[in-house]
Chemist: 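Pasting a structure below so you can have a look.
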Amino acid sequence: MTADERLTLRVVVPDATRTGESVEVRVLVGGRDILADAFGKGPGEDPRYLLIPGGPLTAGSEPHEVRLAKASCTEGCCGALYVTVQRDGEDVLWNGWRNPDEDEVDLPAFRFPAHEYQREIERATADLSWEWPARTVARLLEQDLRQRTDWLTRWECELGAISAWPWRRDQINVFLFHPGRPSVSDDGPWLQFQMTLAVSHDTPAEQAARLAEQLLAADPRQAARLVGGSPEFATQLGYT
């Protein structure tokens, strides 16, 4: 079965009083929230993953799988919602729905006119009106630091992410890995550090520039908390 409908991508920001909830992208087809219909175990993906130029929702001739939502606990525990995206002539086809925690997903294939589909992707990506100041600072700071590819080399660190949590709108959090991000192909020791930085009333661009210079000035681990890894890894890397 194929349903011909219009795609709408809506960013939802939780109320600041709801600790632990994240910003999410809700996917509407013909006005119907398909995440609500097919996956009630967690939020839609964060726009920092879905809504980026050339991001995963971009359709090409080769089919690729995109995660639209994941369980609030973990995907390994309670699943996630995936769809396969592919350009098919003058259309974009969504099908191959999958949830690792279920035998099947009760959603049809969707076919969108390619020009309308791309226009909606670009509109949602460009619309940042939902951001609060700290979220904007975090985005600008991360963009800046990722362009300075050698800034952490001398500290044997790798930038993980820079986050602004909806329930703490007066701060951002910088996450670093030492000596690098863990991977399944490398079982060497690793640690994760977190820095919490206050956000002021200055413009987000001014704050991002100032915080970038602050971070670049010294070993960031000296002002950070150790939040990930293991006691064994810490010992191997010289931390007590």
Side-chain angles (χ1 to χ4, degrees), residues 11 13 16 19-25 45-56 58 124-240:
V11 176
V13 180
T19 301
E21 296 195 12
S22 59
V23 179
E24 59 177 324
V25 178
E45 285 288 347
D46 193 291
R48 69 183 297 162
Y49 163 67
L50 280 185
L51 301 182
I52 56 176
T58 301
T125 300
D127 181 8
L128 299 172
S129 60
W130 55 269
E131 286 188 337
W132 61 99
R135 176 88 182 205
T136 306
V137 172
R139 174 173 56 82
L140 295 176
L141 179 59
E142 184 164 355
Q143 289 175 355
D144 184 359
L145 294 181
R146 289 202 183 281
Q147 292 176 356
R148 308 193 195 202
T149 55
D150 62 344
W151 76 281
L152 283 176
T153 301
R154 63 185 180 276
W155 310 123
E156 294 187 293
C157 288
E158 179 181 344
L159 181 63
I162 301 180
S163 302
W165 296 331
W167 64 93
R168 289 303 307 269
R169 301 197 181 192
D170 59 344
Q171 64 183 35
I172 64 173
N173 295 279
V174 180
F175 292 92
L176 305 167
F177 291 101
H178 168 69
R181 187 188 302 269
S183 68
V184 294
S185 61
D186 181 6
D187 58 0
W190 61 272
L191 298 172
Q192 185 182 41
F193 292 85
Q194 176 185 349
M195 300 176 66
T196 300
L197 306 174
V199 172
S200 70
H201 294 293
D202 295 337
T203 68
E206 291 173 335
Q207 292 184 72
R210 183 172 63 250
L211 291 173
E213 296 309 315
Q214 175 184 325
L215 290 170
L216 291 168
D219 185 345
R221 292 169 296 176
Q222 300 302 316
R225 294 184 293 121
L226 183 57
V227 296
S230 70
E232 293 78 12
F233 287 170
T235 299
Q236 291 178 49
L237 293 170
Y239 289 83
T240 57

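Just so you know, residue 1 is the first one in the sequence shown, and it goes up from there. Remember, it's a predicted structure, so these values are computed and weren't measured experimentally.
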Chemist: To the nearest 0.5 Å, tell me how far Q171 CD sits from M195 CE.
Modeler: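 If we round to the nearest 0.5 Å, Q171:CD and M195:CE are 12.5 Å apart.
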Chemist: Using modelled atom types and a 3.5 Å cut-off, is there a donor and acceptor pairing between side-chain atoms of Q207 and backbone atoms of S200?
Modeler: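 It does hold such a pair.
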Chemist: Given side chains that start at C-beta, do those of C157 and F193 come closer than 4.5 Å, heavy atoms only?
Modeler: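 The answer is no; the side chains never approach within 4.5 Å.
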Chemist: Taking 4.0 angstrom as the limit, do E206 and R210 come out as a salt bridge?
Modeler: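 R210 and E206: not salt-bridged.
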Chemist: Any sub-3.5 Å donor-acceptor pair from R221's side-chain atoms to W155's backbone N or O?
Modeler: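 It does hold such a pair.
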Chemist: Over all heavy atoms of both residues, which pair between P166 and V23 is shortest? Give the atoms and the distance, please.
Modeler: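 Minimum heavy-atom separation between P166 and V23: CG-CG2, 4.1 Å.
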Chemist: Of all the heavy-atom pairs spanning A212 and L145, show the shortest one and how long it is.
Modeler: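 Scanning both residues, the minimum pair turns out to be CB-CD2, 4.1 Å.
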Chemist: Is a salt bridge present between E131 and R48, judged by a nitrogen-to-oxygen distance below 4.0 Å?
Modeler: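 Judged by the 4.0 Å cut-off on N to carboxylate O distance, E131 and R48 do not form a salt bridge.
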Chemist: S163 and A138: which non-hydrogen atoms are nearest, and at how many Å?
Modeler: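 In this case the closest contact between S163 and A138 is C-CB, 4.3 Å.
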Chemist: Identify the heavy atoms of L141 and A208 that sit nearest to each other, and give their distance.
Modeler: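 Shortest heavy-atom contact: CD1-O, 3.5 Å.
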Chemist: Okay, side chain of R154, backbone of D219: is any donor-acceptor separation there less than 3.5 Å?
Modeler: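 No; zero donor-acceptor contacts below 3.5 Å.
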Chemist: Can you measure from CD (Q236) to OG (S230) and round to the nearest 0.5 angstrom?
Modeler: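 That separation rounds to 7.0 Å.
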Chemist: Measure across W167 and G20 and return the closest heavy-atom pair with its distance rounded to 0.1 Å.
Modeler: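 For W167 versus G20, the nearest heavy atoms are CE3-N, 3.3 Å.
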Chemist: Identify the heavy atoms of L237 and P179 that sit nearest to each other, and give their distance.
Modeler: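 Smallest interatomic distance, heavy atoms only, reads CD1-CD, 4.1 Å.
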Chemist: According to the interplanar angle, ranging from 0 to 90°, do the rings of F175 and W165 count as parallel (below 30°), tilted (30 to 60°) or perpendicular (above 60°)?
Modeler: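 The rings of F175 and W165 sit tilted, inter-plane angle from 30° to 60°.
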Chemist: How many angstroms lie between atom CG of D170 and atom CG of L197, to the nearest 0.5 angstrom?
Modeler: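 That separation rounds to 11.5 Å.
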Chemist: Within this structure, what is the CG-CG distance for the pair L176 and L191, rounded to the nearest 0.5 Å?
Modeler: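 Spacing of CG (L176) from CG (L191) equals 11.5 Å.
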Chemist: What verdict does the side-chain contact (heavy atoms from CB on, under 4.5 Å) test give for L215 and W151, after you've listed the backbone C-alpha separation in whole Å, the side-chain angles of each residue and the deciding distance to 0.1 Å?
Modeler: CA-CA 9 Å; L215 290 170; W151 76 281; 4.2 Å; yes
Chemist: Is it the case that the side chain of R146 and the backbone of Q143 share a donor-acceptor pair, with hydrogens and angles ignored and the cut-off at 3.5 Å?
Modeler: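 Not a single qualifying donor-acceptor pair exists.
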Chemist: Could you point out which residue of I162, D144, L128 forms a side-chain contact (heavy atoms from CB on, under 4.5 Å) with R139?
Modeler: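 Only one option passes, and that is L128.
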Chemist: If you measure from OH on Y239 to NE2 on H178, what distance do you get to the nearest 0.5 Å?
Modeler: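 Here the rounded value is 4.0 Å.
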Chemist: Distance check, rounded to the nearest 0.5 Å: T196 atom OG1 versus I172 atom CD1?
Modeler: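 If we round to the nearest 0.5 Å, T196:OG1 and I172:CD1 are 9.5 Å apart.
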Chemist: Keeping the roles fixed (side chain from Q192, backbone from V227), state whether a donor-acceptor pair exists under 3.5 Å.
Modeler: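 It does not hold such a pair.
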